[in-house]
Peer 1: 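My structure is below; once you've seen it, I'll send some questions.
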Amino acid sequence: MNKFALTTAIAALIAGSSAFAAVGGQTSGEIVIKGTVGHICEIAVVDLGTNLNLVDGEQAARVGEITETCNNPEGYEVSFSSDNGGFMSGPLDAQSFYRVNYDSIADYSLEDEGSLVRDLPQWNAAYDLTVNVDGDSELPAGNYRDLVTVEIAAL
């Protein structure tokens, strides 16, 4: 066999095995499509500036609007606390007690911290915070106030 014929035969063998490899290769593949959602757990609190009638009393007086957003799959908790332990402080150390209402929380004294657990995530869920005040005609004249803090936390 001459050198040209041998080279041609080797080239044919290589070409044949390459063609065979291409025919016998993979017939499918996989691509994973994925993404991520970041953690969001936030609360928007609007103080309505409501001035309560402490002499005659109030029932379900709207004092605030609260919007909850938390995308935690296990849910979240909204908690309420009072600087004064559930009463408005006034002149001469006078106290006017109140109770809060919020979604399923009804007529609750903030003498102790109150909370509400949501089992599922929610987005832009809006609720009113209202208060009940028993009237007291023997309170000293002046301004009464308390500060309520509202917090949200993922479970």
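Being a predicted model, the structure only gives us computed values, none of them experimental.
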Peer 1: Answer yes or no: is there a donor N or O on one side and an acceptor on the other, between the side chain of Ser96 and the main chain of Leu54, under 3.5 Å?
Peer 2: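 Not at all, since once roles are kept as given, no pair shorter than 3.5 Å links the two residues.
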
Peer 1: Roughly how far apart are Lys34 NZ and Ile31 CD1, rounded to 0.5 Å?
Peer 2: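 Reported value, rounded in 0.5 Å steps: 12.5 Å.
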
Peer 1: Should Ile40 and Leu155 be regarded as members of a common hydrophobic cluster, given that ILVMFWY residues are connected when their side-chain heavy atoms come within less than 4.5 Å of each other, either directly or indirectly?
Peer 2: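 No; Leu155 is not reachable from Ile40 via cluster members.
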
Peer 1: Does Val63 form a side chain to side chain contact (heavy atoms under 4.5 Å, CB included) with Leu48? I'd like the steps, not just the answer.
Peer 2: CA-CA 5 Å; Val63 296; Leu48 298 177; 5.8 Å; no

Peer 1: Does any N or O in the side chain of Ser81 come within less than 3.5 Å of the main-chain N or O of Glu113, such that one atom is a donor and the other an acceptor?
Peer 2: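 No: the side chain of Ser81 does not pair with the backbone of Glu113.
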
Peer 1: Do Asp103 and Arg118 make a side-chain contact, defined as non-hydrogen atoms from C-beta onward lying under 4.5 Å apart?
Peer 2: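 They are in contact (side-chain heavy atoms under 4.5 Å apart), so the answer is yes.
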
Peer 1: Mind checking whether Thr67 and Glu42 have side chains closer than 4.5 Å, heavy atoms only?
Peer 2: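 Side chain of Thr67 against side chain of Glu42, heavy atoms only: no contact under 4.5 Å found.
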
Peer 1: List the residues meeting ring-ring contact (aromatic ring centres under 6.0 Å, His included) with Tyr108, not counting sequence neighbours, and say none if there are none.
Peer 2: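 Partners of Tyr108 under the ring-ring contact (aromatic ring centres under 6.0 Å, His included) test: none.
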
Peer 1: Using distance alone, with no hydrogens and no angle criterion, decide if Glu58 and Tyr98 have a side-chain donor and acceptor under 3.5 Å apart.
Peer 2: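 Side chains of Glu58 and Tyr98: no pair found under 3.5 Å.
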
Peer 1: With Met88 as reference, evaluate Leu52, Asn143, Leu139 under the side-chain contact (heavy atoms from CB on, under 4.5 Å) test and give the passing residue.
Peer 2: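 For Met88, the side-chain contact (heavy atoms from CB on, under 4.5 Å) check succeeds only for Leu52.
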
Peer 1: Do the non-hydrogen side-chain atoms of Asn71 and Val37 ever get within less than 4.5 Å of each other?
Peer 2: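 Yes, their side chains come closer than 4.5 Å.
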
Peer 1: Working note: Val78 + Glu151, criterion side chain to side chain contact (heavy atoms under 4.5 Å, CB included); need CA distance, chi angles, decisive distance, verdict.
Peer 2: CA-CA 6 Å; Val78 177; Glu151 294 181 287; over 6 Å; no

Peer 1: Is there any disulfide (SG to SG under 2.5 Å) pair reaching into residues 25-87, and which pairs are they, with sequence neighbours excluded?
Peer 2: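 Listed once each, the pairs are Cys41-Cys70.
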
Peer 1: Can you hop from Leu116 to Val100 via hydrophobic side chains spaced under 4.5 Å?
Peer 2: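 Same hydrophobic cluster.
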
Peer 1: Given Leu110 and Val148, is the side chain to side chain contact (heavy atoms under 4.5 Å, CB included) satisfied, shown in steps?
Peer 2: CA-CA 9 Å; Leu110 290 177; Val148 173; 3.9 Å; yes

Peer 1: OG1 of Thr130 to CG of Asp107: how many Å apart, nearest 0.5 Å?
Peer 2: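 Between atom OG1 of Thr130 and atom CG of Asp107 there are 9.0 Å.
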
Peer 1: Going by side chain to side chain contact (heavy atoms under 4.5 Å, CB included), name the residues that satisfy it together with Asn84, two or more places apart in sequence or in a different chain.
Peer 2: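 Asn84 satisfies side chain to side chain contact (heavy atoms under 4.5 Å, CB included) with Ser82, Phe87, Ser89, Asp146 only.
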
Peer 1: Within the side chain of Asp136, is there an N or O that forms a donor-acceptor pair under 3.5 Å with the backbone of Glu138?
Peer 2: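 Yes.
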
Peer 1: Does any non-hydrogen side-chain atom of Tyr102 lie less than 4.5 Å from one of Ile66?
Peer 2: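 Contact flag for Ile66/Tyr102 side chains = yes.
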
Peer 1: Is it the case that Glu77 and Ser115 place a side-chain donor and acceptor less than 3.5 Å from each other?
Peer 2: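 Ser115 and Glu77 do have a side-chain donor-acceptor pair below 3.5 Å.
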
Peer 1: Looking only at side-chain N and O atoms, does Glu65 offer a donor or acceptor that is under 3.5 Å from a partner on Tyr127?
Peer 2: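 Their side chains do not contain a donor-acceptor pair, so the 3.5 Å distance test is not met.
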
Peer 1: What closest approach, in Å, do Pro91 and Pro140 show between heavy atoms, and which atom pair accounts for it?
Peer 2: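 Shortest heavy-atom contact: O-CG, 3.9 Å.
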
Peer 1: Is the closest side-chain heavy-atom distance between Asn132 and Asn101 below 4.5 Å?
Peer 2: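 When only atoms from C-beta onward are counted, Asn101 and Asn132 do touch, with a gap below 4.5 Å.
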
Peer 1: Taking everything shown except Glu111 itself, do over 12 heavy atoms lie less than 6.0 Å from its CD?
Peer 2: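 Open: at most 12 neighbouring heavy atoms sit under 6.0 Å from CD of Glu111.
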
Peer 1: Kindly indicate, with the supporting measurements, whether the criterion side chain to side chain contact (heavy atoms under 4.5 Å, CB included) is fulfilled by Gln122 and Tyr76.
Peer 2: CA-CA 9 Å; Gln122 291 193 76; Tyr76 61 97; 3.1 Å; yes

